[in-house]
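Notes follow the structure.
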Amino acid sequence: MFYLTTSSKLCILRSKSSSRKYFSTLFVKDGPYNFVDGQKTHPIDSIGFTNVLNPATSVVLAKVAVSGANTVDKAVKSCEEAYKSWSLLSGFERGKLISSLGQKILENQETLAQLEVENNGKPIWEARLDIQSCADCFLYFGGIASTVSGKHIQLPNSSFGLVKRESLGVVGGIGAWNYPLQTCSWKVAPALTCGNTIVYKPSELTPLTALALAELAIKAGIPEGVFNLVQGSGETGKNLCCHPDVAKISFTGSVPVGKNILKLASNDLKRVMLELGGKNPLIIYDDCDLENAVKGALLANFLSQGQVCSNGSRVFVQRSIIEQFTKEFVKATSQLVIGDPLDDKTQVGATISKPHAEKVLAYIARGLEEGAIKLCGGERIQMPDPFQNGYFISPCILTNCHDDMTVVKEEIFGPVATILPFDTEEEVIRRANQTPYGLSAGIFTKDLRRAHRTSDRLQSGTIWVNNFNVTPVELPFGGFKQSGIGVECSTEAIQCYTQLKSVYVEMNDVDCPLYNSK
Ligand code: NAD
């Protein structure tokens with residue numbers, strides 16, 4: 001009922017429903033979009049506007065004001081005030097409210113998923129999983145909030161030490177556009193769990209679901225000012241990084257901006273957590289289950305139109321199976337259904353914006369210039385009404401690649417896989433590590449020892465054995481090398497949002513060799 005087939009053999013979904021609206025009816029077009037002190041507010045000093053688009057149609061969903069320094073300051077002050085009482089609650093009390101927000105997310109899962117799709121362009125089935133993962137995040141951290149604690153250390157002669165794990169104060173969160181609500185949840189949930197308050201700035205391209213989350217937080221009973229939201233561009237982010245009363249910046253985004261943030265935060269030595277980009281390897285050994293390896297390569301390259309930081313776009317395949325693997329991978333990729341992101345049958349939606357799509361296509365062109373051969377995809381797909389102004393790119397596989405090509409070295413952040421042959425375990429590990437990044441990696445093999453040997457030597461924060469891009473909240477997620485500092489998710493995130501205080505308690509008279517008794 002919904003698809004037509006193109007010459008490139010990609011199925012393209014075409015919605016026949018003319019009554020369907022392709023912009024959100026949930027939001028008025030001109031805000032207010034900030035959320036401070038429990039209320040939607042306009043910035044007090046906006047420094048311009050950004051048009052928020054539906055990437056599948058280019059329809060303007062909202063016109064959002066860019067918050068200036070005074071607006072950021074107001075949000076920080078509100079967080080400071082709220083911190084006075086939020087930080088004094090017990091972990092258990094905070095945990096109940098944080099879990100309640102998880103429940104509210106679940107109750108609104110479909111609405112949030114649709115809003116995410118309209119603002120991000122990813123297919124609805126993915127957005128539903130994203131929203132589920134956001135709920136999981138709040139339920140998980142709500143559940144462990146009462147376990148955040150320090151320790152007691154016995155010292156000589158009945159003296160003792162207390163190691164107290166304390167909150168930091170006001171945290172500044174800055175997010176990327178590819179997983180808008182998940183990025184926000186991964187920062188807000190652990191920050192609040194530890195007793196901090198947070199001012200969050202979503203990407204200017206995808207600001208809508210974070211606003212919905214801030215509203216749901218109030219409905220869940222989280223006090224006003226604990227989670228404030230300011231909208232804006234990099235300029236707003238800079239103001240947050242430079243604010244003297246922000247104790248920590250938790251950033252998700254690109255490596256260059258991450259480096260810049262580290263510099264900004266160094267002025268007053270703020271704590272910094274960076275979740276950055278990557279150019280990750282996926283290693284397919286010749287003893288793998290081939291069908292699972294093909295599924296893994298699809299997950300490693302074409303989720304969210306390839307706009308995933310942990311993607312395994314350097315697909316290393318052992319030479320003896322490269323022909324068979326490539327044939328199956330190309331076949332599966334060519335069958336992916338591109339179309340209306342809100343349609344249940346769609347597997348691949350729209351890339352985030354025109355400039356981004358152009359950047360991805362330019363990378364593909366550069367790859368071909370440098371000698372790569374395109375096996376499928378890599379074209380802008382001109383979609384029928386109402387998607388003719390959307391930026392849909394067919395998933396692309398490049399072969400005849402080598403390690404020095406631009407497409408193999410740089411993060412493309414689009415649906416582009418490069419296939420690289422290898423012969424030995426030693427060789428592939430060396431080549432996989434030959435990158436300034438270290439976010440993730442994947443290994444497909446049936447040999448358990450080989451899997452462990454390889455994962456021991458890969459320089460990546462996350463390694464998937466016989467799967468790819470699975471991120472349960474129980475496991476830490478963070479980068480080695482230039483992919484970042486610190487981790488999100490898991491009990492380890494607690495370290496990133498707290499500081500330790502040692503309290504020594506003397507139980508005897510002071511033994512002071514400097515004191516001369518009269
Ligand atoms: P980006 O770095 O361009 O922007 C990220 C955020 O930083 C946005 O909110 C932006 O407004 C803000 N910003 C820009 N300049 C700033 C400045 N000078 N000071 C403070 N804030 C500033 O990244 P993007 O294009 O939104 O996202 C794509 C990148 O994010 C990719 O490189 C991807 O790999 C990475 N990413 C990493 C993870 C991870 O967990 N490691 C997750 C998602 C995305």
Residue pairs fulfilling salt bridge (Lys or Arg N to Asp or Glu O under 4.0 Å) with at least one residue in residues 219-242, sequence neighbours excluded | Glu235-Lys238

Are any of the side-chain heavy atoms of Leu101 and Leu216 separated by less than 4.5 Å?
-> yes

Hey, could you give me the CG/CD distance between Leu303 and Gln347, rounded to the nearest 0.5 Å?
-> 10.5 Å

For the side chain of Asn301 and the backbone of Gly306, is there at least one donor-acceptor N/O pair under 3.5 Å apart?
-> no

Leu475 side chain near Ser490 side chain, heavy-atom distance below 4.5 Å = no

How about Thr351 and Gln307: do any of their side-chain heavy atoms sit closer than 4.5 Å?
-> yes

Between Glu116 and Lys122, is the closest basic N to carboxylate O distance under 4.0 Å?
-> no

Is the side chain of Ser460 donor-acceptor paired with the backbone N or O of Leu439 at a distance under 3.5 Å, no angle test?
-> no

Can you find a pair of side-chain heavy atoms, one from Val246 and one from Val199, that are under 4.5 Å apart?
-> no

Between Leu299 and Asn469 the two heavy atoms that sit nearest each other are O-ND2, 2.9 Å

Between Thr41 and Phe35, is any pair of side-chain heavy atoms under 4.5 Å apart?
-> no

Can you list the residues that meet the side-chain contact (heavy atoms from CB on, under 4.5 Å) rule with Lys259, with sequence neighbours excluded?
-> Val255, Gln482

Quick one: is the NZ or CZ of Lys187 closer than 6.0 Å to the six-membered ring centre of Tyr200, and within 45° of its axis?
-> no

Val171 and Tyr83: side-chain contact (heavy atoms from CB on, under 4.5 Å), yes or no, with the steps?
-> CA-CA 10 Å; Val171 171; Tyr83 177 74; over 6 Å; no

Roughly how far, to the nearest 0.5 Å, is CG of Leu398 from SG of Cys376?
-> 9.0 Å

Donor + acceptor pair across side chains of Asn178, Ser304 (<3.5 Å) | no

Of all the heavy-atom pairs spanning Val230 and Ala75, show the shortest one and how long it is.
-> CG1-CB, 3.7 Å

Cationic tip of Lys63 within the cone over Phe49's six-membered ring, i.e. under 6.0 Å and within 45° of the normal?
-> yes

Rounded distance (nearest 0.5 Å) linking atom OG of Ser46 with atom CG of Asn70 | 11.5 Å

Looking at CG of Asn108 and CD1 of Ile131, how far apart are the two atoms once the value is rounded to the nearest 0.5 Å?
-> 10.0 Å

Heavy-atom closest pair (Pro190 atom, Ala493 atom, distance to 0.1 Å) is CB-CB, 4.2 Å

Any donor-acceptor pair under 3.5 Å from Trp86 side chain to Thr197 backbone = no

Determine whether Phe302 and Asn311 make a side-chain contact, defined as any pair of heavy atoms from C-beta on separated by less than 4.5 Å.
-> no

Ignoring hydrogens and geometry, is there a side-chain-to-backbone donor-acceptor pair from Asn54 to Asn119 under 3.5 Å?
-> no

Electrostatic pair Glu93-Lys96, nearest N-O below 4.0 angstrom = no

Are there more than 12 heavy atoms of other residues, nucleotides or ligands under 6.0 Å from atom CZ of Arg366?
-> no

Check salt bridge (charged side-chain N to carboxylate O under 4.0 Å, His left out) between Glu204 and all other residues, then give those that pass, not counting sequence neighbours.
-> Lys201

Could you go through residues 270-277 and list every donor-acceptor pair under 3.5 Å that involves a side-chain atom there, pairing it with any protein atom two or more places apart or in another chain?
unit_1	atom_1	unit_2	atom_2	d
Lys270	NZ	Cys241	O	3.1
Lys270	NZ	His243	O	2.7
Lys270	NZ	Asp268	OD1	3.2
Lys270	NZ	Asp268	OD2	2.9

If you take all heavy atoms of Leu112 and Leu181, which pair is closest and at what distance?
-> CD1-CD2, 4.3 Å

Taking Ser67 for the side chain and Gln231 for the main chain, is one N or O donor matched with an acceptor at less than 3.5 Å?
-> yes

With a 3.5 Å cut-off and no angle check, do the side chains of Tyr497 and Ser250 form a donor-acceptor pair?
-> yes

Do Lys279 and Glu410 sit within salt-bridge range, that is, some charged N less than 4.0 Å from a carboxylate O?
-> no

For the student: nearest non-hydrogen atoms of Ala189 and Phe141, plus distance = CB-CD1, 3.9 Å

Determine yes or no for a side-chain-to-main-chain donor-acceptor pair under 3.5 angstrom, with Asn51 supplying the side chain and Val60 the backbone.
-> no

Please report the closest heavy-atom contact between Val226 and Ala82, naming both atoms and the distance.
-> N-CB, 3.7 Å

If you round to the nearest 0.5 Å, how far is CG of Asn120 from CD of Gln305?
-> 7.0 Å

Restricting to pairs with a member in residues 467-490, which pass ring pair (Phe, Tyr, Trp, His ring centres under 6.0 Å), not counting sequence neighbours?
-> Trp186-Phe477, Trp464-Phe468

Salt bridge between Lys77 and Asp37, side-chain N to carboxylate O under 4.0 Å?
-> no

Show the numbers, then the answer: is there a side-chain contact (heavy atoms from CB on, under 4.5 Å) between Glu379 and Lys374?
-> CA-CA 10 Å; Glu379 307 285 341; Lys374 196 166 70 171; 2.5 Å; yes

Look at the side chain of Ser185 and the backbone N and O of Cys134, then say whether any donor-acceptor pair between them is shorter than 3.5 Å.
-> no

Counting only N and O atoms by type, is there a donor-acceptor contact under 3.5 Å from the side chain of Thr57 to the main-chain atoms of Val59?
-> yes

Using distance alone, with no hydrogens and no angle criterion, decide if Gln114 and Glu110 have a side-chain donor and acceptor under 3.5 Å apart.
-> yes

Starting from the C-alpha separation in whole Å, work towards a yes-or-no answer on side chain to side chain donor-acceptor pair (under 3.5 Å) for Ser133 and Gln182.
-> CA-CA 7 Å; Ser133 83; Gln182 194 188 65; 2.8 Å; yes

List for me each residue that meets side-chain contact (heavy atoms from CB on, under 4.5 Å) alongside Leu361, sequence neighbours excluded, and say none if there are none.
-> Ile364, Arg380, Ile393

Could you tell me whether the side chain of Arg94 and the main chain of Leu89 form a donor-acceptor pair under 3.5 Å?
-> yes

Would a 4.5 Å heavy-atom cut-off, applied to side chains only, mark Ile198 and Asn228 as touching?
-> no

Any side-chain heavy-atom pair from Tyr391 and Val360 closer than 4.5 angstrom?
-> no

Kindly determine whether Thr206 and Ile352 satisfy side-chain contact (heavy atoms from CB on, under 4.5 Å), including the steps that lead there.
-> CA-CA 9 Å; Thr206 53; Ile352 190 72; 3.9 Å; yes

Test item: Asp45 side-chain N/O and Ala69 main-chain N/O as donor-acceptor pair under 3.5 Å = yes

Hey, what do you get for OG (Ser233) to CD1 (Ile47), rounding to the nearest 0.5 Å?
-> 5.5 Å

With side-chain contact (heavy atoms from CB on, under 4.5 Å) as the test, would you mind laying out the steps for Tyr33 and Leu229 before giving the verdict?
-> CA-CA 8 Å; Tyr33 292 100; Leu229 190 87; over 6 Å; no

